[in-house]
Number of protein chains: 2
Amino acid sequence: MSFAETFKALSDPARREILLMLRGGKMSAGEIGSHFDMTGATVSYHLSVLKKADLVYETKQKNFVFYELNTSVFEEIMLWFAQFKGENGDENK
Amino acid sequence: MSFAETFKALSDPARREILLMLRGGKMSAGEIGSHFDMTGATVSYHLSVLKKADLVYETKQKNFVFYELNTSVFEEIMLWFAQFKGENGDENK
DNA sequence: AATCTATTTAGAAAATTTTCTAAATATCTT
DNA sequence: AAGATATTTAGAAAATTTTCTAAATAGATT
């Protein structure tokens, strides 16, 4: 996992919205797309970005592709942020 | 604070690097700039993005501008991520 | 007040990202 | 196997972001 990819993925509002939607469980690409005012191709692009960032993974069933949150990466991001908690510099004495 | 702005700000590697540098305490714009292979104007642009996202704040002293982490916003970001912890949908029964 | 140092602003160029349309792929149904 | 449904890929256009150079601002020093 690269933080560069992860943060880039999180920087787009549609992609963050997709992640929030997926909290409820798996959704197919089409189901996800129907919540947005963009073409299926564009949604597919966003899903591919989330997938490359390991924020979601996909499973195929029939002619559907289901997307699901990959919660383990969220843990790693939390660790990145934890770097900023406590032990502040010298408090600028 | 808007998450859109915050995540956009975090999506650039130079800006994340600046945040990491600031963990040690306040630094002037020039001091920050000297760690990068880019013009002062470009560094100034990145600092302005971080500032608009409330990730840092500035204080002026003489003809220097010092930048400092605004840790409170990090807490808010952690809250955003907390949305993804536990209480997963229906686990797709 | 002239000059120097530190930083920002303006405007343009370069790079990247987002979006679309059209075509391709893959699986299902008849 | 032909047609229907779901999704992705390719390639181009549109939008946004990043970067630079040059000029502007602001405070400090001579």
Side-chain angles (χ1 to χ4, degrees), chain A residues 1-22 24-70 92, chain B residues 1-22 24-70 92:
Chain A
M1 205 240 332
S2 109
F3 282 114
E5 264 178 351
T6 310
F7 283 114
K8 274 283 179 200
L10 289 168
S11 73
D12 182 271
R15 291 194 291 261
R16 286 194 303 278
E17 184 64 29
I18 290 172
L19 293 174
L20 290 171
M21 283 163 54
L22 290 176
K26 276 182 191 165
M27 291 175 80
S28 74
E31 222 179 328
I32 293 167
S34 68
H35 283 70
F36 294 97
D37 185 23
M38 31 170 104
T39 66
T42 298
V43 173
S44 184
Y45 160 74
H46 285 304
L47 289 169
S48 80
V49 173
L50 289 171
K51 198 167 54 181
K52 264 184 283 186
D54 284 329
L55 286 161
V56 303
Y57 54 88
E58 64 177 35
T59 50
K60 293 174 189 184
Q61 235 176 93
K62 294 186 51 181
N63 45 347
F64 294 85
V65 180
F66 287 94
Y67 286 89
E68 195 166 354
L69 282 181
N70 179 5
N92 203 58
Chain B
M1 205 245 323
S2 109
F3 282 114
E5 266 178 349
T6 309
F7 282 114
K8 275 281 179 201
L10 289 168
S11 74
D12 182 89
R15 292 194 292 261
R16 285 195 303 278
E17 184 64 29
I18 291 171
L19 293 174
L20 289 171
M21 283 163 55
L22 290 177
K26 274 182 193 167
M27 291 175 79
S28 74
E31 221 179 327
I32 292 167
S34 67
H35 284 70
F36 294 97
D37 184 25
M38 32 170 105
T39 66
T42 297
V43 173
S44 184
Y45 160 74
H46 285 304
L47 289 169
S48 80
V49 173
L50 289 170
K51 198 168 54 181
K52 264 184 283 186
D54 283 330
L55 286 161
V56 303
Y57 54 88
E58 64 176 38
T59 51
K60 293 175 190 187
Q61 235 175 94
K62 294 187 51 180
N63 45 347
F64 294 85
V65 180
F66 287 94
Y67 286 89
E68 195 166 355
L69 283 182
N70 178 6
N92 202 60

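What you see below is based on every heavy atom in this structure, not just the backbone, and it leaves out hydrogens, waters and symmetry mates. In the text below, chain A, chain B and the rest are named by the order of the sequence lines, each starting its count at 1.
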Tell me: CG of B:L50 to P of C:dT7, nearest whole Å? 16 Å

Roughly, in whole Å, what's the span from NZ in A:K8 to C1' in C:dT17? 8 Å

Think A:S44 has a side-chain N or O under 4.0 angstrom from the OP1 or OP2 of D:dT8? yes

Return the value, rounded to whole Å, for the distance between atom CG of B:L47 and atom C1' of C:dT7. 10 Å

Ignoring backbone atoms, establish whether B:T42 has a side-chain N or O less than 4.0 Å from OP1 or OP2 of D:dC20. yes

Any sub-3.5 Å donor-acceptor pair from A:E31's side-chain atoms to A:S28's backbone N or O? yes

If you define the side chain from C-beta out and look only at heavy atoms, does anything of A:M38 sit under 4.5 Å from A:H46? yes

Atom-to-atom span, CG of B:L10 to P of D:dT17 - whole angstrom: 15 Å

Are any of the side-chain heavy atoms of A:K26 and A:F64 separated by less than 4.5 Å? no

Quick one: which of D:dT7, C:dT8, C:dT18 gets closest to the side chain of A:F64? D:dT7

Can you tell if the side chain of A:K8 reaches within under 4.5 Å of the side chain of A:V49, non-hydrogen atoms only? no

Contact between B:Y57 and B:E68 at the side-chain level, heavy atoms closer than 4.5 Å - yes or no? yes

Look at all strands and tell whether A:S28 reaches a base, only sugar-phosphate, or nothing, counting heavy atoms closer than 4.0 Å. sugar-phosphate

Kindly indicate whether the side chain of B:R15, heavy atoms from C-beta on, has any atom under 4.5 Å from the side chain of B:L55. no

Heavy atom of residues 31-41 of chain A under 4.0 Å from DNA chain D: which residues? A:G40, A:A41

How many whole angstroms separate atom OH of A:Y45 from atom P of D:dT8? 14 Å

Give a yes/no answer on whether the side chain of A:H46 brings an N or O atom under 4.0 Å of OP1 or OP2 in C:dT19. yes

Any N/O donor-acceptor pair, B:N63 side-chain to C:dT5 base, under 3.5 Å: yes

What is the distance from CD of A:E5 to C1' of C:dT17, rounded to the nearest Å? 14 Å

Taking NZ from B:K26 and C1' from C:dT7, how many angstroms apart are they, rounded to a whole number? 17 Å

Do B:D54 and B:T6 come close enough that some side-chain heavy atom pair is under 4.5 Å? no

Give the rounded distance in Å between these two atoms: NZ of B:K62 and P of D:dG27. 13 Å

